[in-house]
Amino acid sequence: MDIGVISVRYARALLKSAVDVGLDDAVYQQMMLLARCYVEVPQLRHTIDNPMLAKEKKEQLLVTAVGGEQAAQLTKAFIDLVLKEDRENMIQFMANSYVTLYRKQKNIIRGKLTTAVAVTSDAEMNMRQMVLSNTQGTVEFESEVNPDIIGGFILEYDTYRMDASVQNKLREILNALK
């Protein structure tokens with residue numbers, strides 16, 4: 001069976017269970033944390049995928065990755081089920097699928113503002129309000145500083161991208177000169 005199909009099925013079941021017991025928000029935070037751990041600590045995948053490592057050790061690692069003792073009992077039970085069914089190689093995809101399904105269910109749009117230098121909280125709030133006014137949902141907004149764009153900003157949300165960076169303008173000029 002396809003990894004995507006399996007991941008979505010597990011994620012959908014976890015979301016339904018989390019909603020039923022009122023833990024969907026907590027599990028959402030834990031699944032985002034788990035997905036972020038897989039990105040920031042690439043060795044986690046190799047360790048979890050290692051067939052020589054005992055399931056108990058894998059469970060300890062995964063529970064730690066979702067918040068340790070503060071992790072919801074439902075999340076711990078989910079990890080236990082995934083390990084019992086020998087699906088641990090797909091848990092990163094399950095976490096990402098849960099996050100996607102949760103955001104869709106709660107109508108959450110991700111927004112991102114990239115600038116060359118740090119912006120004031122007022123400027124960030126104005127951008128957040130602009131995104132909110134153009135969408136009909138809740139916005140998870142993050143700011144990032146990337147000096148490579150030289151100046152200006154890049155605003156992204158949903159499928160929209162506004163690139164008003166100096167780097168982009170220079171690229172357009174170079175392409176026009178070719």
Side-chain angles (χ1 to χ4, degrees), residues 2-42 44-45 62 65-67 70-72 74-75 78 90-176:
D2 182 58
I3 290 175
V5 172
I6 294 168
S7 301
V8 170
R9 284 182 181 170
Y10 274 78
R12 192 173 287 130
L14 178 60
L15 181 58
K16 183 179 179 340
S17 297
V19 168
D20 289 347
V21 296
L23 289 174
D24 50 325
D25 297 337
V27 174
Y28 171 64
Q29 294 300 323
Q30 293 162 11
M31 289 298 112
M32 282 198 324
L33 185 57
L34 179 60
R36 190 169 42 248
C37 284
Y38 266 93
V39 170
E40 293 175 1
V41 184
L44 180 60
R45 168 174 290 294
L62 291 169
V66 296
Q70 284 74 29
L74 179 62
T75 303
F78 177 74
M90 299 179 195
I91 199 160
Q92 177 185 11
F93 303 104
M94 293 173 192
N96 287 327
S97 295
Y98 182 93
V99 168
T100 301
L101 291 169
Y102 177 90
R103 285 180 179 152
K104 186 174 182 179
Q105 180 174 324
K106 300 281 186 170
N107 198 21
I108 297 173
I109 285 94
R110 296 206 44 190
K112 182 177 177 184
L113 175 65
T114 306
T115 56
V117 294
V119 295
T120 65
S121 59
D122 288 341
E124 183 178 327
M125 185 56 78
N126 288 338
M127 290 294 196
R128 180 189 301 260
Q129 290 299 331
M130 187 180 86
V131 171
L132 268 171
S133 68
N134 290 328
T135 61
Q136 272 61 51
T138 307
V139 175
E140 285 184 354
F141 200 80
E142 66 179 271
S143 294
E144 176 182 285
V145 175
N146 181 355
D148 292 341
I149 69 169
I150 304 169
F153 66 91
I154 302 169
L155 177 64
E156 300 171 286
Y157 64 91
D158 204 17
T159 60
Y160 178 80
R161 183 169 203 246
M162 180 192 317
D163 191 340
S165 66
V166 172
Q167 179 187 42
N168 186 52
K169 297 298 178 199
L170 290 172
R171 191 178 306 119
E172 288 174 358
I173 292 169
L174 282 172
N175 287 337

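From a predicted model like this one, the values you see are computed outputs, not experimental measurements.
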Legend entry - Closest contact, heavy atoms only, S17 versus L74: C-CD2, 3.9 Å
Inset, instruction - Might you point out which heavy atoms bring R12 and L101 nearest each other, and give the distance in Å? - result: N-CD1, 3.7 Å
Inset, instruction - Identify which one of R103, R128, K112 satisfies the salt bridge (Lys or Arg N to Asp or Glu O under 4.0 Å) criterion when paired with E140. - result: R103
Legend entry - L155 side, atom CG; D163 side, atom CG - distance, nearest 0.5 Å: 10.5 Å
Legend entry - Shortest non-hydrogen contact between A71 and V66, atoms and distance: CB-CG2, 3.7 Å
Legend entry - From CA spacing to verdict: side chain to side chain contact (heavy atoms under 4.5 Å, CB included), Y38, N96: CA-CA 10 Å; Y38 266 93; N96 287 327; over 6 Å; no
Legend entry - Rounded distance [0.5 Å steps], CD1 in I149 versus CD1 in I154: 4.5 Å
Legend entry - Interatomic distance, Q92 atom CD to M90 atom CE [nearest 0.5 angstrom]: 12.5 Å
Legend entry - Donor-acceptor pair between N134 and Y157 side chains, under 3.5 angstrom: yes
Inset, instruction - Could you check whether the rings of F78 and Y10 sit parallel, tilted or perpendicular, using 30° and 60° as the cut-offs? - result: perpendicular
Legend entry - Test item: F153 and M127 side chains (from C-beta on) under 4.5 Å apart, heavy atoms: yes
Inset, instruction - Report yes if the side chains of V8 and F93 come closer than 4.5 Å at any heavy-atom pair, otherwise no. - result: no
Inset, instruction - Give the C-alpha distance, both sets of side-chain angles, the deciding distance and a yes or no for side chain to side chain contact (heavy atoms under 4.5 Å, CB included) between K169 and I150. - result: CA-CA 10 Å; K169 297 298 178 199; I150 304 169; over 6 Å; no
Inset, instruction - Might you point out which heavy atoms bring S97 and S7 nearest each other, and give the distance in Å? - result: OG-CB, 3.8 Å
Inset, instruction - Give the C-alpha distance, both sets of side-chain angles, the deciding distance and a yes or no for side chain to side chain contact (heavy atoms under 4.5 Å, CB included) between E142 and R110. - result: CA-CA 8 Å; E142 66 179 271; R110 296 206 44 190; 2.5 Å; yes
Inset, instruction - Working to the nearest 0.5 Å, report the span between CG of L33 and CD of E40. - result: 9.0 Å
Inset, instruction - Could you check M31 against L14 for side chain to side chain contact (heavy atoms under 4.5 Å, CB included), going step by step and ending with a plain yes or no? - result: CA-CA 10 Å; M31 289 298 112; L14 178 60; 4.1 Å; yes
Inset, instruction - Output the distance between atom CD (Q167) and atom CG (N146), rounded to the nearest 0.5 Å. - result: 7.0 Å
Legend entry - Taking every non-hydrogen atom, the tightest pair across V27 and A18: CG2-CB, 4.1 Å
Inset, instruction - Determine the minimum heavy-atom distance between T115 and V117, stating which atoms define it. - result: OG1-O, 2.6 Å
Inset, instruction - Would you indicate whether the side-chain heavy atoms of N107 and I109 approach each other to under 4.5 Å? - result: yes
Legend entry - No-hydrogen, no-angle side-chain donor-acceptor test under 3.5 Å, E172 and N168: yes
Inset, instruction - Working to the nearest 0.5 Å, report the span between CG of D20 and CG of L15. - result: 9.5 Å
